There are 2 protein chains.
Amino acid sequence: MKKTAEEAARTRQDLLDAALGVFSRKGYHATRLVDIAAEAEVTRGAIYHHFGNKAGLYRELLDSASMVGSQIVTEAVQQGGTFIDILQRILVMTFARVENDRRLQDIMALYLFNTDLADELTDIREKVRQESITMIDGIAAQMQMGIDTGQLRPGISAHTYARSFIAYQNGVVDLWLGNPQAFSLTKEGAALADAFLRGFAYQID
Amino acid sequence: MKKTAEEAARTRQDLLDAALGVFSRKGYHATRLVDIAAEAEVTRGAIYHHFGNKAGLYRELLDSASMVGSQIVTEAVQQGGTFIDILQRILVMTFARVENDRRLQDIMALYLFNTDLADELTDIREKVRQESITMIDGIAAQMQMGIDTGQLRPGISAHTYARSFIAYQNGVVDLWLGNPQAFSLTKEGAALADAFLRGFAYQID
DNA sequence: TTATACTAACATGCGTGTATGTATGTTGTC
DNA sequence: GACAACATACATACACGCATGTTAGTATAA
């Protein structure tokens, strides 16, 4: 019955993958550990062996799921262009990747729909909150550069720009997750990014 | 033990109010009927008497909570102004009202975080989905007018404008609900709306 | 031979729903 | 308008299932 070390690591990863899918689809409370175990083709015992309990699994999962969005950002920055070009690219790439990457969908869902977190998970909520704050701060620093170089309209604070940006990004993804058949993130992504970054208002030059 | 007819209606409403608060804070699965009953200062028996079961209570709640956003829209339209002015006003009013109205906060949370809805509530999810579709269609019709009258930039479809708009509105509210102390929806509302509607890009006229 | 990676069986608690009880409003009848 | 007959608005207590966590067992890698 005992498996080799790498086999064990594999089932551990399988459990994390399965948990990500089920948690993001059904929420924390509604997911039954037996569903996760079944999807990973083990029994619940494996979960308790690797993660101690349900909350431990969720904890681990969130740690492994973090720092995914940052990869897209660095990739978009590397391709160069103006400040607005980069912001546009971040949105377009995020939208397209969400539509085509099931795993990323699940991670986004996990971050966006973190209600119904049990009392025993308040520390997790707090951690996510802190992470989002530092993320906003980081984006705000970038936005400040955009303001300083005259590529962003003045009169709006860097933090407002930052909040506006990720609010939009999350809002679009959220909307799509709620009804994926309604529209295509890949096809409409560029227009959605354009409408946001260039604004709705028609300014005659 | 039997109360007068209007007393009964009162406890029924108390239960709905209590349910809105608890459901929106903890999610469907995590809320215990005893919590709702306690907050309404009755026992669970009252819930089963008035609503049959937990799902019935949630169902009723969602019906009574619907059609709140439309009120803001009509109010914003009545005040007149250009198309962009009205859109701006809708955002600003929504943001400000969310920050100051606990009930509206709960309703928004209920709509935004509708994950973890039990298998017995798939019909509710479907209903919410349908409502959001017709809402988007309605907004798109308005946006089409904005395009036709040259007040919205051409080259973007009415539906994309509509999705963009409510994605942003929801995104900002979602962001704030996740961390209300981080910023003030009332104070930053105008800037957030402005950044969105006029765009980030600095266009030199 | 020992620690590991689980499986299987069991115990426990908790939350929903239901059945019953009860006090009181409400309605018809004379 | 008084009084029975019934309906209502809950409270209380119980039954039941289900999901978590725990413990014991087993096979095998190290």
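Residue numbering restarts at 1 for every chain, and letters A, B, ... go by the order of the sequence lines. Every value quoted in this text rests on a predicted model; they were computed, and no experiment measured them.
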Open item on the list: Does the Lys NZ or Arg CZ of B:Lys54 fall within the cation-pi geometry relative to B:Tyr28 - under 6.0 Å from the ring centre and within 45° of the axis?
Closed with: yes

TODO: Report the distance from atom CZ of B:Phe51 to atom P of D:dA9, rounded to the nearest whole Å.
DONE: 12 Å

- [ ] Would you kindly give the OH-to-C1' distance between B:Tyr58 and C:dG15, to the nearest whole Å?
- [x] 19 Å

Is the phosphate of [N], meaning OP1 or OP2, less than 4.0 Å from a side-chain N or O of [X]?
X	N	value
A:His50	C:dC6	yes
A:His49	C:dC6	no
A:Lys3	C:dA5	no

Open item on the list: Among residues 6-24 of chain B, which ones have heavy-atom contacts with DNA chain D below 4.0 Å?
Closed with: B:Ala8, B:Thr11

Open item on the list: Considering every strand and a 4.0 Å limit on heavy-atom distances, what is the contact class for A:Thr4: base, sugar-phosphate, or nothing?
Closed with: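 Sugar-phosphate, backbone atoms only, no base.
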
TODO: Would you give a per-nucleotide map of nucleotides 16-23 of chain D, 5' to 3', where B means the base has a protein non-hydrogen atom under 4.0 Å away, S means only the sugar-phosphate does, and - means neither?
DONE: ---SBBB-

Do NZ/NE/NH1/NH2 and the carboxylate oxygens of [X] and [Y] come within less than 4.0 Å?
X	Y	result
B:Asp14	B:Arg10	yes
B:Lys127	B:Asp63	yes
B:Glu7	B:Arg12	no
B:Asp106	B:Arg25	no

Task: Those residues that, when tested against A:Glu75, pass side-chain hydrogen bond (donor to acceptor under 3.5 Å, both in side chains) (two or more places apart) - done: A:Arg97

Open item on the list: Taking the ring centre of each residue, are B:Tyr58 and B:Phe51 less than 6.0 Å apart?
Closed with: no

Open item on the list: A quick test of your reading: do over 12 heavy atoms of other residues, nucleotides or ligands sit less than 6.0 Å from CD of A:Glu6?
Closed with: no

